[in-house]
Asker: 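Shown below is the structure under consideration.
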Amino acid sequence: MVPVSILVVCVISLSWVILTDHAQGLGVNWGGMTSHPLDPTSVVKMLKDNGIKKVKLFDAEPDTMNALAGSGISVVVGIPNDKLASLSSSYKHAQEWVKENITKYDHNGGVDISYVAVGNEPFLTSYNGSFVKTTFPAMRNIQKALDEAGTRHKIKAIVPFNADVYEAASGKPSHGQFRKDIKSEMLKILGLLKSNKSPFFVNIYPFLSLQQSSDFPKEFAFFDGTSKPVRDNNNEYDNVFDANHDTLIWSLKKVGYQDLEIVIGEAGWPTDGDKNANKILAKKFYDGLLKKLAKGDGTPLRKGYLEVYLFGLTDEDLKSIAPGDFERHWGILGYDGQPKFPMDLTGKGNDKLLKAVQGVQYMDKKWCVLNNDVRNATLLQFELNYACSQTDCTSLKNGSSCDLDLPGKVSFAFNSYFQSRDQDVRTCDFNGKAKITTDNPSKGSCVFNIQIYSAGVKHQVTCALSIFAGLALMSFLH
Ligand SMILES: *[C@@H]1O[C@H](CO)[C@@H](O)[C@H](O)[C@H]1NC(C)=O
Ligand SMILES: *[C@@H]1O[C@H](CO)[C@@H](O)[C@H](O)[C@H]1NC(C)=O
Ligand SMILES: *[C@@H]1O[C@H](CO)[C@@H](O)[C@H](O)[C@H]1NC(C)=O
Ligand SMILES: *[C@@H]1O[C@H](CO)[C@@H](O)[C@H](O)[C@H]1NC(C)=O
């Protein structure tokens with residue numbers, strides 16, 4: 001008996017060592033801006049099925065946290081930007097946040113929390129400085145509250161930054177420096193990161209470099225080499241990912257923080273909503289990135305292991321499209337938890353489809369389309385605009401997956417609206433111009449979706465059932 005129990009203890013402590021080693025393995029960002037969320041327990045199972053050992057969240061939603069409990073998956077918990085003001089002005093709020101969202105889960109069999117991400121890209125220029133003054137004080141309060149709460153192993157507060165916190169006028173990494181308008185706040189944050197031995201989280205998006213500049217050389221966004229590399233001192237850069245990463249290193253170096261560890265908090269490629277957003281280019285980007293990570297050669301200025309969280313897990317139909325229509329199409333899985341294209345997360349090039357989320361239930365095989373009788377385009381524009389103002393039409397713009405004539409676009413918009421309203425027959429009318437069909441109207445790359453039953457809906461049903469059961473039991477007992 002004794003040897004067996006020793007063995008068990010050994011296995012447990014060994015797995016503990018493995019579980020608490022945050023350093024290795026690919027991570028994925030798990031966002032929740034979806035109208036029909038997948039069941040979190042099924043998502044966690046899918047993560048494990050695919051060997052994904054780390055996730056990064058944007059909040060601390062209890063169903064998600066509970067699903068992650070006991071999974072052995074290492075978790076970055078997030079604090080949304082709109083909480084920064086209250087957390088910066090009140091230490092008590094920070095203590096309450098830590099108590100409710102960290103301490104509660106920080107026990108054996110609980111959630112293996114690695115970092116707390118304070119805000120999300122709070123210094124983005126498009127926020128006009130709204131969060132610049134509150135980020136550091138909020139982070140300081142959260143770290144203090146974490147330390148005071150005495151977590152099992154040290155949980156570190158970090159800030160996930162967008163790559164536009166630094167710039168290099170000429171495109172040469174050695175010209176990198178932090179943006180002037182945020183530099184003084186950045187220095188305070190760097191000081192705290194250093195004293196806690198915490199990493200600098202940065203989001204690097206070659207797709208955005210390509211999308212935002214018409215003369216950006218396309219091959220520089222990928223990892224297959226280029227005939228015109230950027231030469232910088234003794235280094236040569238043949239992809240923008242490395243160049244961007246090393247621009248950060250130079251920026252850190254110039255203010256005396258070159259020793260900070262760097263984690264890529266987000267990296268990925270969208271599959272729709274832009275002429276460069278499609279499955280072929282996304283696959284090309286991921287293939288290159290994953291192979292690079294597997295080789296472990298790092299970047300010219302920093303050799304070795306690179307810690308990366310892919311963005312993101314699934315498409316999110318409620319994301320703001322202010323930056324572009326592609327925003328809702330970043331998933332390596334679709335809205336329904338199905339893989340979009342083959343990939344090999346280990347970077348060995350053995351491409352196959354990722355394991356899908358199991359147990360997803362689709363609604364009926366019904367679509368809402370334009371009634372054939374309507375042929376006057378002028379009359380359709382109003383309905384098209386209305387439907388698209390109420391639902392997701394990001395696959396319709398020029399260069400996206402749905403290259404359709406006006407009647408086709410109208411059908412797509414009608415269906416998108418109908419599915420988003422859970423196939424309610426009253427939402428397939430449009431002044432008599434719409435009809436329900438059981439013939440799949442999808443054409444080529446343009447997929448007319450069928451909605452899924454969301455975890456929330458199923459949950460309500462279960463609750464209702466248990467209330468019924470409870471009532472029945474009570475009347476029986478009386
Ligand atoms: C904990 O996190 C959840 C989800 O992000 C949030 O709704 C809640 O307000 C947080 N708790 C506190 C005390 O701030
Ligand atoms: C930032 O300023 C611009 C221009 O003044 C404005 O259009 C935009 O709505 C502002 N954004 C935020 C988040 O305040
Ligand atoms: C289409 O509808 C508009 C608005 O009612 C009308 O002015 C136009 O004459 C119609 N066009 C045709 C070809 O019927
Ligand atoms: C759509 O894109 C194609 C090729 O990119 C271009 O030739 C065409 O003019 C565009 N159409 C519109 C309406 O912008």
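Since the structure is predicted, the reported quantities are computational estimates derived from the model, not experimental observations. Whatever order the structure lists them in is the order used to number ligands and atoms, beginning at 1.
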Asker: Write none if no such pair exists; otherwise list each N/O atom of ligand 1 with its protein N/O partner under 3.5 Å and the distance.
Answerer:
{"unit_1": "ligand 1", "atom_1": "2 (O)", "unit_2": "Asn101", "atom_2": "OD1", "d": "3.0"}
{"unit_1": "ligand 1", "atom_1": "2 (O)", "unit_2": "Asn101", "atom_2": "ND2", "d": "2.3"}
{"unit_1": "ligand 1", "atom_1": "5 (O)", "unit_2": "Ala60", "atom_2": "N", "d": "3.1"}
{"unit_1": "ligand 1", "atom_1": "9 (O)", "unit_2": "Lys83", "atom_2": "NZ", "d": "3.1"}
{"unit_1": "ligand 1", "atom_1": "11 (N)", "unit_2": "Glu100", "atom_2": "OE2", "d": "3.3"}
{"unit_1": "ligand 1", "atom_1": "11 (N)", "unit_2": "Asn101", "atom_2": "ND2", "d": "3.2"}

Asker: Between Asn203 and Tyr309, do the side chains contain an N or O donor and an N or O acceptor separated by less than 3.5 Å?
Answerer: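 Short answer, no.
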Asker: Testing the basics here: between Lys366 and Gln419, what is the closest heavy-atom pair and its distance to 0.1 Å?
Answerer: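 Closest approach of Lys366 to Gln419: O-NE2, 2.9 Å.
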Asker: Which residues satisfy the side chain to side chain donor-acceptor pair (under 3.5 Å) test with Asp274, sequence neighbours excluded?
Answerer: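 Side chain to side chain donor-acceptor pair (under 3.5 Å) list for Asp274, sorted by chain: empty.
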Asker: Quick one: list whatever passes side chain to side chain donor-acceptor pair (under 3.5 Å) with Lys45, sequence neighbours left out.
Answerer: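 Here the qualifying residues are Asp49.
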Asker: What residues form a salt bridge (Lys or Arg N to Asp or Glu O under 4.0 Å) with Asp287, not counting sequence neighbours?
Answerer: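 So Asp287 forms a salt bridge (Lys or Arg N to Asp or Glu O under 4.0 Å) with Lys283.
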Asker: Looking at every heavy atom in both Pro199 and Val263, which two are closest together, and how far apart are they?
Answerer: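 In terms of heavy atoms, the two residues are closest at CB-CG2, 3.7 Å.
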